[in-house]
Each structure stands twice: as structure tokens, then as C-alpha cells.
There are 2 protein chains.
Amino acid sequence: MDMTDKPAGTDCRGVSEILSRVGDKWTIQVVIALRLGSLRFNGIKREVGGISQQMLTRTLKTLERDGMVERTVRHTTPPQVEYTLAPLGHSLSETVRHLADWAAAHQGRIKEHRSQYDARQH
Amino acid sequence: MDMTDKPAGTDCRGVSEILSRVGDKWTIQVVIALRLGSLRFNGIKREVGGISQQMLTRTLKTLERDGMVERTVRHTTPPQVEYTLAPLGHSLSETVRHLADWAAAHQGRIKEHRSQYDARQH
DNA sequence: CGGAATCCAGTATGATACTG
DNA sequence: CAGTATCATACTGGATTCCG
């Protein structure tokens, strides 16, 4: 065993894969939409706003596959499909919130830097 | 004033822009490479491994523009350009580390979920 | 050495139409 | 309602070449 400073099974590729998930355009917004309770497909679509049907389908499928979201089908007519944030998804949303707080707190300074940089016409 | 729960200047687009930066393929790896000290262009390239010249150039330029990294040119022959993590960049790296820790801690469970999901041939 | 410029492939995303 | 299928397009990232 030479992995003295990392828990067994830790894989950098897996970690950066999750980071890229966080950075994708819709995943986090969908997770946030589900934080306060279950929603159905078009409910999420309304809540997120701007997302296409296809991207919502894909995003939800990925989230379900990863165990972040649970999908429940009611065989009524018309059918109803309910999406609920699983514990893993809640946990992720809490962690991401810290990052979002950081971003909110520092975006002013970042925009300042950009203005200065652009003013110098690099 | 109706913005009772947000600091002035907070903008969701700015926040998700930063999240997408975190999720991009190279930004975080470059920041991590610089955490322990300054490095020159090809030093970062060696440290990160797998990054192309162009992507490193682009990534560094963006990081510099945002005030995460400082760039110092020494007009020697051949020229030397040193990159240093600015306080803002250090701050970001600390925040991202929490997310990386979460990812490392939960990727086992996520992989499990995926296997189960795929086994059911959805 | 530290880039800039160009070209190109793969993927992410969007719009639209159709289905059970 | 909750998707699937198809096409079009934009953006990301990689390879290569050239420059001060």
C-alpha cells in the first residue's frame, strides 16, 4: 500500500469528472430547483427556465444514473413522472453552495480585474 | 430595495460563469500547480501534464484577466515569464478543495449507482 | 522560451417535429 | 405529460506551424 494520504478508491479522474459536472450549464440549476421538494418534468423545466426538453432529459438521466436524483413514475393518464433529490444530491448541493457563495462574494473583484485588464488592451 | 437576501451586485450569471470555470478541463489543475509557488510557462506545462500549449496559454490568460494569477516578465534572453497565484486564486483553490474532497469522498457511491443503473439497462 | 495563428474534430447545446 | 429522434450550430480542446 503506497496510498498513505488518500482514502482507498480515490481517483483524480473521477474527481475532475464531478467538477466538470458541477460546471456544466444545467446540472446545478436542476439540483437547485429540486432542493425544496419534488417536481415533475415540466415543473423543473419551468423552474429552471431556458433549458430545452432534450437537455433536461439528458441532465436528469445523468443525475439519476449517478444517484443524485430519484425518478418515480405514476402510470396514470397522462403519465406523471416525479423527480426527487436523493441524499447524495442534497449533499452535493450543500457543498456547491459554498462555492456559489464564494463566487457571489468575489465576482465584484473579478469584474474589476477584468475591466482593468481589458482597459490595458492586452 | 428588494434585494434583501443578496449582497449588492450579485448576479446569477456571474456565479454560474465561475462555476463553469471551475468545471473546465484545465483551470483548476493550473491553479493547483501554482499553489506551492511560482512557475514558468513550461514548468506549469510539465506539472499539469497533457495540456497543450494553446490551452495553457488560454487558461493562463483567463486566470490573469480574472485576477487569479499574476504574470511577471523578465526581459532576459531567452525571456522568462513567471506565473504566481494571486490571493484571489489562493482563495478559490481553498474553496474548490472542499468540493474536491466531497467528490473524492463520494465517488465510490456514485460509481456504485452507475453500475446498478447500467446493469438495469436503462 | 513563451507564446500567436491557423486549422480541425468532437462534444455540448438548441430548435423542431414526432410519439406513447 | 414526458419524453425520443433528427438536424443544425456553437463552443471546447488538440495538433501543427510560425514568430520575437
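Quick note on labels: first sequence line is chain A, next is B, and so on, each numbered from 1. Everything quoted here is computed from the prediction, not taken from an experiment.
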Colleague: Any side-chain heavy atom of Q107(B) within less than 4.5 Å of one from I18(A)?
Modeller: yes
Colleague: Got a salt bridge between R35(B) and E94(B), using NZ or NE/NH1/NH2 to carboxylate O under 4.0 Å?
Modeller: yes
Colleague: So which heavy atom on G67(B) is nearest to which on A86(B), and how close?
Modeller: O-CB, 3.4 Å
Colleague: Kindly indicate whether the side chain of V31(A), heavy atoms from C-beta on, has any atom under 4.5 Å from the side chain of L85(A).
Modeller: yes
Colleague: Any N/O pairs under 3.5 Å between the protein and nucleotides 15-19 of chain C? List them or say none.
Modeller:
unit_1	atom_1	unit_2	atom_2	d
dA15(C)	N6	Q54(A)	NE2	3.2
dA17(C)	N6	Q53(A)	OE1	3.4

Colleague: Is any side-chain N or O of Y83(B) closer than 4.0 Å to OP1 or OP2 of dG3(C)?
Modeller: yes
Colleague: For the helix from dC1(C)-dG20(D) to dG20(C)-dC1(D), measure the angle between the helix axis at one end and the axis at the other, each built from five pairs, rounding to 10°.
Modeller: 40°
Colleague: As a test of understanding, state which of T62(B), D66(B), T27(B) forms a side-chain hydrogen bond (donor to acceptor under 3.5 Å, both in side chains) with R21(B).
Modeller: D66(B)
Colleague: 5'-most contact on DNA chain C: M55(A) or P79(A), nearest heavy atom basis?
Modeller: M55(A)
Colleague: With sequence neighbours excluded, what pairs up with W102(A) under the ring-ring contact (aromatic ring centres under 6.0 Å, His included) test?
Modeller: H106(A)
Colleague: For R71(A), is there an ion pair with E82(A) - N to carboxylate O distance below 4.0 angstrom?
Modeller: no
Colleague: What contact category does T57(B) fall into here, base, sugar-phosphate, or nothing, at under 4.0 angstrom with non-hydrogen atoms?
Modeller: sugar-phosphate
Colleague: Give the intermediate values and the outcome of side-chain contact (heavy atoms from CB on, under 4.5 Å) for residues V69(A) and T84(A).
Modeller: CA-CA 6 Å; V69(A) 159; T84(A) 306; over 6 Å; no
Colleague: Does the side chain of Y117(A) reach to within under 4.5 Å of the side chain of K61(B), using non-hydrogen atoms?
Modeller: yes
Colleague: Pull out every residue in residues 17-36 of chain B that has a heavy atom closer than 4.0 Å to any atom of DNA chain D, ordered by number, or say none.
Modeller: K25(B), W26(B)
Colleague: Can you check whether R40(B) has a side-chain N or O nearer than 4.0 Å to OP1 or OP2 of dG2(C)?
Modeller: yes
Colleague: Apply salt bridge (Lys or Arg N to Asp or Glu O under 4.0 Å) to E17(A) and R114(B), showing your working.
Modeller: CA-CA 14 Å; E17(A) 195 198 323; R114(B) 279 183 200 167; 2.9 Å; yes
Colleague: Taking the nucleotide of DNA chain C with the closest heavy atom to each, which residue, R58(B) or G43(B), is nearer the 5' end?
Modeller: G43(B)
Colleague: Flag yes if more than 12 heavy atoms outside R109(A) fall under 6.0 Å of its CZ atom; otherwise flag no.
Modeller: no
Colleague: With a cut-off of less than 4.0 Å, is there a side-chain N or O of K45(B) near OP1 or OP2 of dC1(C)?
Modeller: no
Colleague: Between which nucleotides of DNA chain D, 5' to 3', does chain A make heavy-atom contacts below 4.0 Å?
Modeller: dC1(D) to dT6(D)
Colleague: If hydrophobic clusters are built by linking Ile, Leu, Val, Met, Phe, Trp and Tyr wherever their side-chain heavy atoms come under 4.5 Å apart, do M68(B) and L36(B) end up in the same one?
Modeller: no
Colleague: Without decimals, in angstroms, what is the distance between K61(B) NZ and dG2(C) C1'?
Modeller: 11 Å
Colleague: Please tabulate, for the side chains in residues 45-56 of chain B, all donor-acceptor contacts under 3.5 angstrom to protein atoms that are two or more places apart in sequence or on a different chain.
Modeller:
unit_1	atom_1	unit_2	atom_2	d
S52(B)	OG	M55(B)	N	3.2
Q54(B)	OE1	R58(B)	NE	3.4
Q54(B)	OE1	R58(B)	NH2	2.4

